[in-house]
Amino acid sequence: MTDITRIKPGERMSQAVSHSGLVWLAGQCGIAGQSITEQTQDALAKVEALLLEAGSDKTRILSATIWLSDIASYDQLNAVWDAWIPDGCAPARACGESRLAGEGYDVEIICVAAIA
């Protein structure tokens with residue numbers, strides 16, 4: 001039986017959980033109040049760090065779900081995303097608008113990736 005590994009576990013949730021060659025990341029946000037560009041850059045840096053800690057990387061992302069507080073910022077998000085994701089490695093992705101859990105947060109990124 002494959003072990004379940006919890007990365008940065010907290011009382012309410014872990015930042016990532018791996019099992020059977022996959023890693024699921026909790027939603028990652030930037031710093032509340034920053035621009036959508038800065039929040040997206042910060043969130044993706046957190047995604048990348050968690051993937052590396054789990055034994056994966058951004059070339060192995062299988063799916064990404066992205067929530068925006070305002071879908072009007074879709075193009076700004078995509079400008080950062082497109083520069084960050086390596087050519088030929090784009091995962092399945094969904095993006096929608098939702099009220100996020102905290103005031104001032106404008107983007108949340110959730111990923112599932114294969115472990116190398």
Side-chain angles (χ1 to χ4, degrees):
M1 185 160 151
T2 306
D3 288 335
I4 296 172
T5 302
R6 299 177 197 288
I7 298 171
K8 296 186 179 7
E11 196 172 303
R12 177 170 293 141
M13 65 184 211
S14 296
Q15 290 301 305
V17 176
S18 65
H19 176 69
S20 296
L22 295 175
V23 60
W24 292 261
L25 273 56
Q28 300 301 309
C29 299
I31 298 171
Q34 289 185 326
S35 72
I36 187 68
T37 296
E38 292 167 319
Q39 286 189 41
T40 303
Q41 290 167 335
D42 289 347
L44 290 173
K46 291 176 183 177
V47 164
E48 195 161 1
L50 286 167
L51 290 172
L52 290 173
E53 190 168 342
S56 187
D57 63 59
K58 63 186 176 180
T59 69
R60 300 184 62 80
I61 298 173
L62 303 172
S63 69
T65 303
I66 302 172
W67 292 111
L68 295 170
S69 65
D70 183 350
I71 201 68
S73 59
Y74 185 71
D75 290 340
Q76 293 165 287
L77 159 82
N78 281 331
V80 177
W81 175 270
D82 293 347
W84 181 77
I85 201 75
D87 288 342
C89 296
R93 195 185 98 168
C95 185
E97 180 180 278
S98 178
R99 190 172 72 189
L100 299 181
E103 188 69 32
Y105 289 102
D106 294 318
V107 62
E108 182 172 359
I109 302 172
I110 307 154
C111 296
V112 177
I115 295 172

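Predicted model, so just to flag it, every value in this text is computed and none were measured.
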*Asks:* Using modelled atom types and a 3.5 Å cut-off, is there a donor and acceptor pairing between side-chain atoms of E108 and backbone atoms of C29?
*Replies:* no
*Asks:* Give, for atom CD of E97 and atom OG of S69, the distance between the pair rounded to the nearest 0.5 Å.
*Replies:*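 Between atom CD of E97 and atom OG of S69 there are 7.5 Å.
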*Asks:* Evaluate the side-chain proximity of W67 to I110: yes if any heavy-atom separation is below 4.5 Å, no if none is.
*Replies:* yes
*Asks:* Could you grab the distance from atom OG of S18 to atom CD1 of I4, nearest 0.5 Å is fine?
*Replies:*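 These two atoms lie 9.0 Å from each other.
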*Asks:* Not counting sequence neighbours, list each pair that qualifies as a ring-ring contact (aromatic ring centres under 6.0 Å, His included) and has a residue in residues 72-97.
*Replies:*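 Applying ring-ring contact (aromatic ring centres under 6.0 Å, His included) to every pair that reaches into residues 72-97, excluding sequence neighbours, yields W81-W84.
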*Asks:* Which atom names give the shortest non-hydrogen contact between V107 and L100, and what distance separates them?
*Replies:*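 Shortest heavy-atom separation between V107 and L100 comes out as N-CD1, 3.4 Å.
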*Asks:* Rounded at 0.5 Å granularity, tell me how far NZ in K58 sits from CD in E48.
*Replies:* 4.5 Å
*Asks:* Using only heavy-atom distances, determine whether the side chains of Q76 and S73 contain a donor-acceptor pair under 3.5 Å.
*Replies:* no
*Asks:* Would you say the side chain of C89 lies within less than 4.5 Å of the side chain of I61, judging by non-hydrogen atoms?
*Replies:*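 They are not in contact (no side-chain heavy atoms under 4.5 Å apart), so the answer is no.
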*Asks:* Might you confirm whether atom CG of D87 has over 12 heavy atoms from other residues, nucleotides or ligands at distances under 6.0 Å?
*Replies:*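 It does not: D87 CG has 12 such atoms or fewer within range.
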*Asks:* Just wondering, do V17 and V23 contact through their side chains at under 4.5 Å, heavy atoms?
*Replies:*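 They are not in side-chain contact.
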*Asks:* Tell me, do K8 and L50 make a side-chain contact under 4.5 Å, heavy atoms counted?
*Replies:*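 Heavy-atom side-chain distance check passes, below 4.5 Å.
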*Asks:* How many angstroms lie between atom CG of D57 and atom CG of L51, to the nearest 0.5 angstrom?
*Replies:* 7.5 Å
*Asks:* Should D70 and D106 count as side-chain neighbours, where that means a heavy-atom distance under 4.5 Å?
*Replies:*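 No, their side chains stay 4.5 Å or more apart.
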*Asks:* To the nearest 0.5 Å, how far apart are CD in Q41 and CG in L77?
*Replies:*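 Q41 CD to L77 CG: 11.0 Å, rounded to 0.5 Å.
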*Asks:* Going by atom types only, do Q15 and Q28 share a side-chain donor-acceptor pair under 3.5 Å?
*Replies:* yes
*Asks:* Are I31 and I66 connected in a single hydrophobic cluster, I mean Ile/Leu/Val/Met/Phe/Trp/Tyr linked by side-chain heavy atoms less than 4.5 Å apart?
*Replies:*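 I66 does not cluster with I31.
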*Asks:* Which value, rounded to the nearest 0.5 Å, describes the distance between S14 atom OG and I7 atom CD1?
*Replies:* 8.5 Å
*Asks:* Same cluster for W24 and M13 if Ile/Leu/Val/Met/Phe/Trp/Tyr side chains link at under 4.5 Å?
*Replies:*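 Unlinked, W24 and M13 end up in two clusters.
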*Asks:* So, do L22 and S20 sit near enough that their side-chain heavy atoms are less than 4.5 Å apart?
*Replies:* no
*Asks:* Would you say the side-chain atoms of R60 pair up with the backbone N or O of I115, donor to acceptor, closer than 3.5 Å?
*Replies:* yes
*Asks:* Hey, does P86 have a side-chain heavy atom less than 4.5 Å from the side chain of T59?
*Replies:*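 Yes, close enough: below the 4.5 Å cut-off.
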*Asks:* Any side-chain to backbone donor/acceptor pair from S56 onto L52? Under 3.5 Å, distance only.
*Replies:*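 Between the backbone of L52 and the side chain of S56 there is no qualifying donor-acceptor contact (under 3.5 Å).
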*Asks:* Once ring-ring contact (aromatic ring centres under 6.0 Å, His included) is applied, what residue pairs with a partner in residues 85-105 remain, sequence neighbours excluded?
*Replies:* none
